[in-house]
*Asks:* 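Would you mind keeping the following structure in view while I ask a few things?
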Amino acid sequence: MTNLAEKIPGIGRLVRGSERAYIGYLNHMRLSLFRDGVHALESSGLTYENAPKQYDALANLVNNLTGRGKLGALEGSAQALNTGLFSPRLIASRLNLLNPVFYAKLPKEVRVMAIKDMAKFIGFAGAILTLANLSNATVDDDPRSTDFGKIRVGNTRWDVLGGFSQYIRVLSQFF
């Protein structure tokens, strides 16, 4: 929320360069994911001219998959939300990806891509957690626990669920 570090003589240039590099990498990653989706849509005979809704939904999906969810009615308050919350767009993206209604609203072609990506993520995370458990690390599978989905070795914890575990935990406790 502050650019104070950028004003430190000598170090400020490094901070600005680091920020630009990070943003450039994330934009490159989003573009690569979008291109993969475009190739899949084009192989189905869909172009932006004959299926703009699918391409818009694909862009929305890529943004959610990379932590840039839409804030809906709060979009105009993004800067204020960012002051009190760590990354409100990341929170929105995680909630969207856990919400079955989000998938139901996607066009069929994009919904299939989204479900495949989420299945890969769940399968990968499940495999990592299983291997960790077999390696004598502690893995908590109780969704009501603060350590749900985390690998624990001594006092060190790894969250391979990429921040989804907190929302799964809240939903589990709610139900």
Side-chain angles (χ1 to χ4, degrees), residues 1-3 5-6 15-16 18-126 128 143 146 148-150 158-175:
M1 289 306 304
T2 180
N3 61 353
E6 294 177 8
V15 171
R16 282 190 300 275
S18 174
E19 183 179 3
R20 280 194 308 270
Y22 182 67
I23 290 170
Y25 167 74
L26 291 177
N27 288 338
H28 174 74
M29 180 182 62
R30 286 185 185 101
L31 180 61
S32 294
L33 286 170
F34 185 75
R35 281 184 184 156
D36 291 345
V38 166
H39 292 309
L41 290 175
E42 287 175 342
S43 68
S44 300
L46 299 173
T47 65
Y48 186 76
E49 289 75 26
N50 67 16
K53 187 176 179 181
Q54 282 80 348
Y55 281 77
D56 290 344
L58 174 61
N60 185 33
L61 174 63
V62 167
N63 282 336
N64 276 285
L65 290 172
T66 59
R68 298 290 295 169
K70 289 183 180 176
L71 298 173
L74 298 173
E75 198 70 44
S77 304
Q79 191 67 31
L81 286 171
N82 221 18
T83 301
L85 296 171
F86 175 77
S87 190
R89 292 185 188 284
L90 177 65
I91 294 169
S93 73
R94 295 301 182 246
L95 293 173
N96 283 338
L97 292 172
L98 289 172
N99 185 357
V101 175
F102 172 77
Y103 296 93
K105 289 182 178 180
L106 292 172
K108 181 184 178 213
E109 300 82 5
V110 179
R111 184 181 324 119
V112 169
M113 286 183 222
I115 292 170
K116 281 182 183 178
D117 280 345
M118 189 52 84
K120 288 177 196 175
F121 171 72
I122 291 168
F124 181 75
I128 295 295
T146 56
F148 169 69
K150 293 184 177 87
W158 290 279
D159 182 5
V160 297
L161 294 178
F164 281 95
S165 61
Q166 293 83 355
Y167 303 107
I168 295 169
R169 182 173 171 258
V170 167
L171 290 171
S172 297
Q173 288 178 335
F174 177 75
F175 291 112

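This structure is a prediction, so every number in the text was calculated from the model and none was measured.
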*Asks:* Report the distance from atom CD of E42 to atom CG of L46, rounding to the nearest 0.5 Å.
*Replies:*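 Here the interatomic distance stands at 9.5 Å.
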*Asks:* Spell out, as yes or no, whether a donor-acceptor pair under 3.5 Å connects the side chain of S77 to the backbone of A80.
*Replies:*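 Not confirmed, S77 side chain does not pair with A80 backbone.
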*Asks:* Does K53 pair with E109 as a salt bridge, N-O distance under 4.0 Å?
*Replies:*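 A salt bridge is absent here (no side-chain N lies under 4.0 Å from a carboxylate O).
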*Asks:* Do you know which of N63, L106, V38 makes side-chain contact (heavy atoms from CB on, under 4.5 Å) with L58?
*Replies:*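 Testing L58 for a side-chain contact (heavy atoms from CB on, under 4.5 Å) against N63, L106, V38 leaves exactly one candidate, V38.
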*Asks:* Taking all non-hydrogen atoms of both residues into account, name the closest pair between L161 and G149 and its distance.
*Replies:*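 Minimum heavy-atom contact is CD1-CA, 3.8 Å.
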*Asks:* I'd like to check K105 versus R111 (side-chain heavy atoms, cut-off strictly below 4.5 Å). Are they in contact?
*Replies:*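 Not touching, per the 4.5 Å side-chain cut-off.
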*Asks:* Decide yes or no for F148 and Q166: does some side-chain heavy atom of the first lie under 4.5 Å from some side-chain heavy atom of the second?
*Replies:*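 Counting from C-beta outward, F148 and Q166 never come under 4.5 Å.
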*Asks:* Which atom names give the shortest non-hydrogen contact between L61 and F102, and what distance separates them?
*Replies:*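 For L61 and F102, the tightest heavy-atom pair comes out as CD1-CE2, 4.2 Å.
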*Asks:* Restricting to non-hydrogen atoms, name the atom on L97 and the atom on N64 that form the minimum distance, rounded to 0.1 Å.
*Replies:*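 Taking L97 first and N64 second, the nearest heavy atoms are CD1-O, 3.5 Å.
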*Asks:* Look at the rings of Y55 and Y48 and say which category their plane angle falls in: under 30° parallel, 30 to 60° tilted, over 60° perpendicular.
*Replies:*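 It falls in the perpendicular class, over 60°.
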*Asks:* Hey, are the side chains of L31 and R35 touching, using non-hydrogen atoms and a 4.5 Å cut-off?
*Replies:*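 With C-beta onward as the side chain, the pair touches.
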*Asks:* Quick one: CD1 on I23 to NE2 on H28, what's the gap to the nearest 0.5 Å?
*Replies:*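 The NE2 atom of H28 is 15.5 Å from CD1 of I23, to the nearest 0.5 Å.
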*Asks:* Would you indicate whether the side-chain heavy atoms of S165 and K150 approach each other to under 4.5 Å?
*Replies:*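 In contact.
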*Asks:* Shortest non-hydrogen contact from T66 to R30?
*Replies:*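 What the structure gives for the nearest pair is OG1-NE, 2.9 Å.
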*Asks:* Nearest heavy-atom pair of G69 and N96: which atoms, and what distance?
*Replies:*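 Closest approach of G69 to N96, heavy atoms only: CA-ND2, 4.5 Å.
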*Asks:* Please report the closest heavy-atom contact between P88 and N82, naming both atoms and the distance.
*Replies:*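 For P88 and N82, the tightest heavy-atom pair comes out as CD-OD1, 3.1 Å.
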*Asks:* Counting only pairs under 3.5 Å, give me each side-chain donor-acceptor contact of residues 167-175, with atom names and distances, residues two or more places apart or in other chains.
*Replies:*
from, atom 1, to, atom 2, distance (Å)
R169, NE, R144, O, 3.2
R169, NE, S145, O, 3.3
S172, OG, I168, O, 2.9
Q173, NE2, R144, O, 3.3

*Asks:* Ignoring hydrogens and geometry, is there a side-chain-to-backbone donor-acceptor pair from E19 to V15 under 3.5 Å?
*Replies:*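 It does not hold such a pair.
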*Asks:* Tell me yes or no: between the side chains of N60 and D56, is some donor less than 3.5 Å from an acceptor?
*Replies:*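 Looking only at side-chain atoms, D56 and N60 do not form any donor-acceptor pair under 3.5 Å.
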*Asks:* From R89 CZ over to R68 CZ, what is the distance, rounded to the nearest 0.5 angstrom?
*Replies:*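 Here the rounded value is 5.0 Å.
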*Asks:* Any sub-3.5 Å donor-acceptor pair from R94's side-chain atoms to F164's backbone N or O?
*Replies:*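 No; judged by distance alone, with no hydrogens or angles, the pair does not exist.
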*Asks:* Report yes if some heavy atom in the side chain of S93 is under 4.5 Å from a heavy atom in the side chain of L65; otherwise report no.
*Replies:*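 Side chain of S93 against side chain of L65, heavy atoms only: no contact under 4.5 Å found.
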